[in-house]
Amino acid sequence: MDAVVVLSGGQDSAICLALACRKYGAENVAAITFAYGQRHAIETKYARRLAKHFGVSAHKVVKLDFYSELTTNALFDPTMKIEKKGSCPTTVVEGRNAFFLLSAGVWAKSLGAKDIYTGVSQADYSGYPDCREAFVKAQQRMMRLAMEWPFRIVTPFMHMTKAEEWALADKLGVLELIRDNTVTCYNGIPGSGCGKCPACKLRNRGLKEYLNYGKIKS
Ligand code: ZN
């Protein structure tokens with residue numbers, strides 16, 4: 001096995017999956033999805049469908065159902081308003097990517113895989129500290145030390161805007177697939193979503209930007 005993709009069922013991770021499968025072949029790629037108490041749990045259903053579509057060699061849905069005992073946020077608590085408080089939105093799940101990457105790494109090592117793909121980005125930075133490059137570098141170092149294994153955390157979108165991501169999806173021939181079969185919306189509405197939450201706005205603005213300008217530029 002070459003790579004494990006952290007697959008949420010959203011746009012970013014789905015394009016990551018397409019990239020990893022293109023590079024290594026689906027038979028050398030595994031995917032891992034976390035059910036961590038998020039209110040848009042429909043994501044896991046879409047993750048399953050995507051894993052099946054790409055024909056990855058293994059897909060695991062792992063429960064981190066203790067998470068909501070440790071903290072709360074607007075993704076866990078449907079009564080909490082999705083908004084920005086200071087620099088941090090209420091949708092931040094403290095330490096999420098640290099948990100996800102470490103868990104993915106434990107599984108990856110058992111499969112003999114070194115690459116871990118994650119769709120985090122600091123370009124369209126929404127105030128999520130664990131999407132920054134500095135965090136990913138530190139996490140990679142920590143995991144190498146923790147497990148004596150040459151992990152490589154692959155972040156293809158770290159410096160890409162959403163429009164550039166859509167351009168890449170188009171280049172890979174999966175634009176329609178990603179547009180129609182992923183859930184990015186905080187309200188759990190697939191495809192172009194509710195159109196109102198911050199995740200939808202970011203995603204839809206990027207797609208519009210790509211469709212309007214991207215093709216003319218290239
Ligand atoms: Zn939405």
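One-based numbering along the sequence shown. Each ligand, and each atom within it, is numbered from 1 in the order the structure gives.
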Inset, instruction - Mind checking salt bridge (charged side-chain N to carboxylate O under 4.0 Å, His left out) for Arg152 and listing every partner two or more places apart, or none if nothing turns up? - result: Asp115

Inset, instruction - Can you establish whether the number of heavy atoms outside Lys109 located under 6.0 Å from its atom NZ is more than 12? - result: yes

Legend entry - Between CE on residue Met160 and CG on residue Asp12, distance to nearest 0.5 Å: 11.0 Å

Legend entry - Phe135 six-ring face occupied by Arg132 cation (under 6.0 Å, within 45°): no

Legend entry - Distance filter under 2.8 Å, centred on the Zn ion (ligand 1) - protein N, O or S atoms that pass it: Cys185 SG, Cys194 SG, Cys197 SG, Cys200 SG

Inset, instruction - Could you tell me the separation between the NZ atom of Lys162 and the CZ atom of Arg205, rounded to the nearest 0.5 Å? - result: 10.5 Å

Inset, instruction - Taking the side chain as every heavy atom from C-beta outward, state whether Phe100 and Leu64 have any pair of such atoms under 4.5 Å apart. - result: yes

